[in-house]
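First comes the structure, then the notes that go with it.
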Amino acid sequence: NLSDTLKKLKITAADRTEGSLEGCLDCLLQALAQNNAETSEKIQGSGILQLFANLLTPQASCTAKVANIIAEVAKNEFMRIPCVDAGLISPLVQLLNSKDQEVLLQTGRALGNICYDSHSLQAQLISMGVIPTLVKLLGIHCHNAALTEMCLVAFGNLAELESSKEQFASTNIAEELVKLFKKQIEHDKREMIFEVLAPLAENDAIKLQLVEAGLVECLLEIVQQKVDSNKEDDVAELKTASDLMVLLLLGDESMQKLFEGGKGSVFQRVLSWIPSNNHQLQLAGALAIANFARNDGNCIHMVDNGIVEKLMDLLDRHVEDGNVTVQHAALSALRNLAIPVVNKAKMLSAGVTETVLKFLKSEMPPVQFKLLGTLRMLIDAQAEAAEQLGKNAKLVERLVEWCEAKDHAGVMGESNRLLSALIRHSKSKDVIKTIVQSGGIKHLVTMATSEHVIMQNEALVALALIAALELGPAEKDLTSAQLVQILHRLLADERSAPEIKYNSMVLICALMGSESLYKEVQDLAFLDVVSKLRSHENKSVAQQASLTEQRLTVES
């Protein structure tokens with residue numbers, strides 16, 4: 001009798017006889033309950049969808065049923081485009097302003113199913129202003145579990161779109177979600193809210209709103225409740241809560257608000273996670289410290305208040321068969337803390353380098369990368385520390401090995417930069433000898449051809465120091481790495497930055513102390529390239545070109 005119902009529905013929909021209309025709609029819902037796909041096909045074939053647009057009016061008594069039928073047919077992927085083509089989206093969006101809870105629920109379902117998995121349709125809904133409307137609905141109907149769930153599912157889908165974040169930020173979504181979160185006891189319900197919070201919290205404005213709405217206190221409470229439990233749900237919730245906490249700290253304003261000059265209760269609670277026995281909390285604690293350590297003031301305060309010792313203790317617990325993510329996070333925190341000049345000496349005397357060097361044997365690139373970055377930050381302008389590390393043959397050999405880690409560009413780049421930094425900050429003959437003996441010279445020469453100007457420059461300065469202090473032992477390696485040819489290329493290339501040209505010429509002058517290297521300089525007609533640079537727009541380059549030209553002329 002489905003075909004009869006569809007025919008009858010066409011007639012009654014046209015003249016709007018409510019009684020018989022209700023009966024037809026009930027019949028369709030029954031048919032959909034029995035066999036959704038087949039019934040949906042027949043509905044599409046009958047052309048009845050086009051009539052539904054006119055039946056979706058706020059005052060009609062059958063509106064909820066029509067919306068329910070649309071929600072049911074739109075469960076089938078093949079029905080979604082026909083629903084759009086029948087012009088159903090606009091009247092459905094209008095119905096979100098209804099006071100009737102059943103109409104709202106079925107309308108939300110219908111829109112959700114039609115737009116399921118379609119970014120373009122979801123973007124259309126956003127541009128039609130559904131976000132502020134849904135946030136308002138959540139506030140009004142927070143006691144209706146089904147409607148609340150419908151809003152959360154919608155938020156979860158829409159929050160994935162970048163274009164939604166600004167609209168969400170202009171509503172009181174943060175306040176509503178935190179209010180809702182506080183009332184939930186069931187794990188599943190809280191998980192649903194978490195799924196909305198995570199994508200929303202990627203937006204800095206919303207991060208701050210969530211902090212101001214008191215989300216952090218809720219998260220800390222969850223951590224406290226679940227920390228000692230082994231139940232799967234509790235372990236998962238502890239992870240979600242602590243991860244979200246770290247995400248909130250990625251925003252500059254939200255982070256600073258929670259730091260409160262290092263006196264904040266939140267900051268103090270996070271500190272207590274680091275010595276805990278729970279790996280997830282150790283990880284979140286270390287990541288949180290790394291996030292708090294994003295400006296000099298915070299870093300200085302934390303180092304003065306003993307954070308370094310806590311992180312070193314944590315790392316010591318993870319040396320043998322340690323947790324890689326915890327190692328990575330704790331090293332990230334130390335690296336950030338080592339950036340302010342006043343912290344370097346304090347951290348060196350606390351023994352940070354010794355702790356960090358315990359991870360030299362790590363085979364995990366993320367740990368290697370952070371280890372290198374931490375050491376490089378620590379020795380910046382610290383001659384004694386740079387010399388001590390530069391004479392450590394084990395470290396230098398490992399650096400040379402990592403300079404060849406072609407699969408891990410980050411590790412390779414950091415190893416080269418640390419090699420160069422050991423020379424530049426120590427200016428020590430012993431360090432240069434150690435690097436020559438370990439075969440590090442060729443890597444510094446290659447680094448001079450890097451695509452990053454800052455790395456080229458660091459390499460050239462280190463090579464100039466080698467040429468000035470210990471040219472004899474390095475001569476063979478510099479020749480086989482074709483340094484002179486590379487310098488010629490850098491000077492001839494118009495794209496080379498002024499500082500690259502300047503330091504290349506300084507290096508050429510320093511190489512003249514070696515007979516074999518000087519012969520190479522003569523063979524390559526450097527005079528032509530250098531004399532052209534005398535008229536360079538950069539004064540320093542022009543001056544250095546004149547000096548270099550004189551040296552080349554006198555020597556020849």
Step-by-step side-chain contact (heavy atoms from CB on, under 4.5 Å) determination, V352 to V308: CA-CA 8 Å; V352 172; V308 171; 3.4 Å; yes

Can a donor-acceptor pair be found between the side chains of [X] and [Y] at a distance below 3.5 Å?
X	Y	value
Q256	N295	yes
Q30	Q34	no
N113	E72	no
R294	N336	no

Taking every non-hydrogen atom, the tightest pair across [X] and [Y]:
X	Y	result
A338	L378	CB-CD2, 3.9 Å
I126	S163	CD1-OG, 3.8 Å
A333	A286	CB-O, 3.8 Å
C115	L125	SG-CD1, 3.6 Å
C83	V73	SG-CG2, 4.1 Å
N36	K75	ND2-CD, 4.0 Å

Rounded to the nearest 0.5 Å, what separation is found between the [atom1] atom of [X] and the [atom2] atom of [Y]?
X	Y	atom1	atom2	answer
F52	L88	CZ	CG	8.5 Å
L105	S98	CG	OG	11.5 Å
N157	L121	CG	CG	12.0 Å
H187	E232	NE2	CD	9.0 Å
I173	L138	CD1	CG	6.5 Å
E309	I274	CD	CD1	11.5 Å

Would you say [X] has more than 12 foreign heavy atoms packed within less than 6.0 Å of its [atom1]?
X	atom1	value
H279	NE2	yes
E166	CD	no
K165	NZ	yes
D85	CG	yes
Q167	CD	yes
M128	CE	yes
K346	NZ	yes
Q50	CD	yes

Does the pair H408 and F369 meet the rule for a side-chain contact (heavy atoms from CB on, under 4.5 Å), with working shown? CA-CA 9 Å; H408 302 286; F369 180 71; over 6 Å; no

Flag the pair [X] / [Y] as yes when at least one side-chain heavy-atom distance between them is below 4.5 Å, and no otherwise.
X	Y	answer
Q280	D243	yes
M150	N144	no
L334	T355	no
I289	F267	yes
L200	F155	no
L111	L96	yes
V235	S229	no
V196	I193	no

Backbone N or O of [Y] within a donor-acceptor pair of the [X] side chain at under 3.5 Å?
X	Y	result
Q282	S276	yes
N172	E175	no
T63	T57	yes
N76	M79	no
N416	G413	no
E176	V135	no
D380	R376	no
N343	C299	yes
R335	A290	no

Check the orientation of F259 and F292. Use parallel for under 30°, tilted for 30 to 60°, and perpendicular for over 60°.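 The rings of F259 and F292 sit tilted, inter-plane angle from 30° to 60°.
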
Given E191 and T240, is the side chain to side chain donor-acceptor pair (under 3.5 Å) satisfied, shown in steps? CA-CA 9 Å; E191 196 173 5; T240 310; over 6 Å; no

Between E253 and K207 (salt bridge meaning N to carboxylate O under 4.0 Å), is one present in this structure?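 Salt bridge absent between E253 and K207.
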
Not counting sequence neighbours, list each pair that qualifies as a side chain to side chain donor-acceptor pair (under 3.5 Å) and has a residue in residues 359-371.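 For residues 359-371: E363-R398.
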
Side-chain donor-acceptor pairs of residues 214-227 under 3.5 Å, sequence neighbours excluded:
from : atom 1 : to   : atom 2 : distance (Å)
Q224 : OE1    : R269 : NH2    : 3.2
K226 : NZ     : D234 : OD1    : 3.3

Begin from the C-alpha positions of I70 and L56 and carry the test side-chain contact (heavy atoms from CB on, under 4.5 Å) through to its verdict. CA-CA 10 Å; I70 296 169; L56 291 167; 3.8 Å; yes

Where do T133 and V93 land on the side-chain contact (heavy atoms from CB on, under 4.5 Å) test, with the steps shown first? CA-CA 9 Å; T133 312; V93 169; over 6 Å; no

